[in-house]
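Okay, so here's the structure we're looking at.
Letters A, B, ... mirror the listed sequences (proteins, then strands); counts begin at 1.
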Amino acid sequence: MASPTAAPLPDTPKELIKQGAEALVYKTTYLLPTIPALLKLRPRKPYRHPALDLRLTKHRCLSEARLLVRARSLGIPVPAVYFVDEARGEIFMEWIEGSSVRDILDQLLASEGGEAAVDRIMVRMGEAVGKLHAADIVHGDLTTSNVMVRTSRRKGLLGGAGEQENVDVGQAEGELLLIDLGLGSVSTAEEDKAVDLYVLERAFLSTHPRAERLFGDVLEAYQRSYKGSKPVMRRLQDVRMRGRKRSMIG
Amino acid sequence: MSLQTLHLEHIPQPHAVHIFAFKDVSNASYLREQLLAGNSDFEYAFIDASALVSTAHALAAVHQAVHNLLVKQKLRTRNVHSEIVFCLSPNNNITESFRRFGISETTTSLVCVKVSSRENPISAEETEIRLQQAVKGLPAQFNDEFMAQTTDWAKVAKCYKTRPGSNGVVTEQLELEVLGKMVMRAVG
Ligand SMILES: Nc1ncnc2c1ncn2[C@@H]1O[C@H](COP(=O)(O)OP(=O)(O)O)[C@@H](O)[C@H]1O
Ligand SMILES: [Mg+2]
């Protein structure tokens, strides 16, 4: 048992897994070395005025954390938030063992007979987005990279070391989670929700050209799980029209 | 030895968290009086184990409090030990958090936490000797089995307004729901 006067332990290890425009994303641990966690860090921007920078960092960090907690408390599948230090721009959250829908679709669509599995993923994706919108939460960056499928989960409680067994599930059966609410907001506007759907549709068609028909399945499940979806679907038509015009001009 | 010493992830070194659990505690009102009197020989986080669902639940509050002490360097309460009790709370009412999560006259199962820092170092051995002297009760292992045995489900449901249907067994879902409420308080 180490006494507090012994040589200091090294800092908790963290492994950089993505360097985005706004945030650094690490795989690390929380509380104990046996509890995996994801750390999303928004570093300070030296070119911004320090006071403004701090305010922006805090605001974005809190906004993402609050949306995650709110979504989860409403039963919407998102990672659980463990800990937040908004001044340091840190959010620690549940580590999801799995892959993005983007990667999984690539694999499944390339494999013989993967279509049935893809269908099931589409349905659950529609349901998850439907639930999100029914709760008046808009994702803001709804791409297939920001939806994950959990392929393995730890059994037992977080701290319960010893009984931590991983339970593997097939890619198509794993729980589906919406991640990255960094650009999300609370909104009742049909326009905002329709733009979410449009962004997802574009993401689909640009990365999975064979998946055009599949997006129809997403929308079907979306409408089933979101009672108020009719006006959003109408709005989606307008958003598509505008998008088409813009791409003709641009 | 029933006492456990932990070094929490991402908390600056040096620090140590000594944790000791007791059951069948018979001098809870005496301990509570010492706390209220501000007797520094009794500076521990004395948590009523009936309000805890798991070890991670307790550790999350310890982590938040030690983070406030060593990283934020700003406490909402008198010291890091009262801060631990406060950090269990889903709201900002400090008095209520002590009443709900701290030791009370009727407490029989107790989780005691002592934080050792550069400013206030204390060894595991010394903590154990002092706690054995102070608390009249049976030493117990601080683990999820003990936590599950001592959980008062009605109390947890009341304190955290958790969704119904989780009574009787601690599930990961319930644990994460409770942690979510604690985070919510911290992020406002
Ligand atoms: N909770 C999580 N568990 C596991 N991996 C995650 C988690 N959150 C994000 N990731 C991985 O990190 C990547 C970046 O995270 P994300 O929140 O999308 O940040 P960014 O805003 O930079 O896109 C994701 O595409 C995903 O692969
Ligand atoms: Mg992303």
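Closest heavy-atom contact between A:Gly159 and B:Ala56: N-CB, 3.7 Å. Of all the heavy atoms in A:Leu158 and B:Glu175, the pair that sits closest is N-OE1, 2.9 Å.
The part of A:Ala80 that comes within reach of chain B is its side chain, from C-beta onward, which places non-hydrogen atoms under 4.5 angstrom from that chain. With a threshold of 4.5 angstrom between heavy atoms, A:Val69 approaches chain B through side-chain atoms but not through N, CA, C or O. Residue A:Thr29 touches chain B through both its backbone and its side chain, counting heavy-atom pairs closer than 4.5 Å. For A:Arg70, no part lies under 4.5 angstrom from a heavy atom of chain B.
Salt bridge annotation for B:Glu172-A:Lys155: absent, with no cationic side-chain nitrogen under 4.0 angstrom from a carboxylate oxygen.
The neighbour count for B:Glu96 CD, taken as heavy atoms of other residues, nucleotides or ligands under 6.0 Å away, is above 12. Heavy-atom neighbours of A:Arg48 CZ from other residues, nucleotides or ligands within 6.0 Å: above the threshold of 12. The environment of NZ in A:Lys45 is crowded: more than 12 heavy-atom neighbours from other residues, nucleotides or ligands sit within 6.0 Å. Heavy atoms from other residues, nucleotides or ligands lying under 6.0 Å from CZ of A:Arg102 number 12 at most. By the 6.0 Å contact criterion, CZ on B:Arg78 is open, its count of non-hydrogen atoms from other residues, nucleotides or ligands being 12 or less. At most 12 heavy atoms of other shown residues, nucleotides or ligands fall within 6.0 angstrom of atom NZ in B:Lys23.
Atoms CG and OH, on B:Leu179 and A:Tyr30 in that order, are 6.0 Å from each other to the nearest 0.5 Å. In this structure, CG on A:Leu31 lies 11.0 Å from CD on B:Gln64, to the nearest 0.5 angstrom. Between B:His67 atom NE2 and A:Glu90 atom CD the span is 6.5 Å, to the nearest 0.5 Å.
Looking at B:Thr171, B:Val170, B:Val53 one by one, the single match for side-chain contact (heavy atoms from CB on, under 4.5 Å) with A:Leu157 turns out to be B:Val170.
When ring centroids are compared, B:His10 and A:Phe92 come within the 6.0 Å threshold.
Chain A forms more heavy-atom pairs under 4.5 Å with one residue of B:Ala186, B:Ala60, B:Ser54, B:Ala58 than with any other, namely B:Ala60. Interface check for chain B: of the options A:Leu39, A:Asp85, A:Ile35, the most heavy-atom pairs under 4.5 Å are formed by A:Asp85. Among the candidates B:Asn143, B:Val187, B:Leu8, B:Val71, the residue making the largest number of heavy-atom pairs closer than 4.5 Å to chain A is B:Val187. Interface summary for chain A: among B:Val183, B:Val62, B:Val17, the most heavy-atom pairs under 4.5 angstrom belong to B:Val183.
In this structure, A:Tyr82 and B:Leu176 have side chains that are in contact, with non-hydrogen atoms separated by less than 4.5 Å.
Under a 3.5 Å cut-off, the side chain of A:Thr12 and the backbone N or O of B:Glu9 do not form any donor-acceptor pair.
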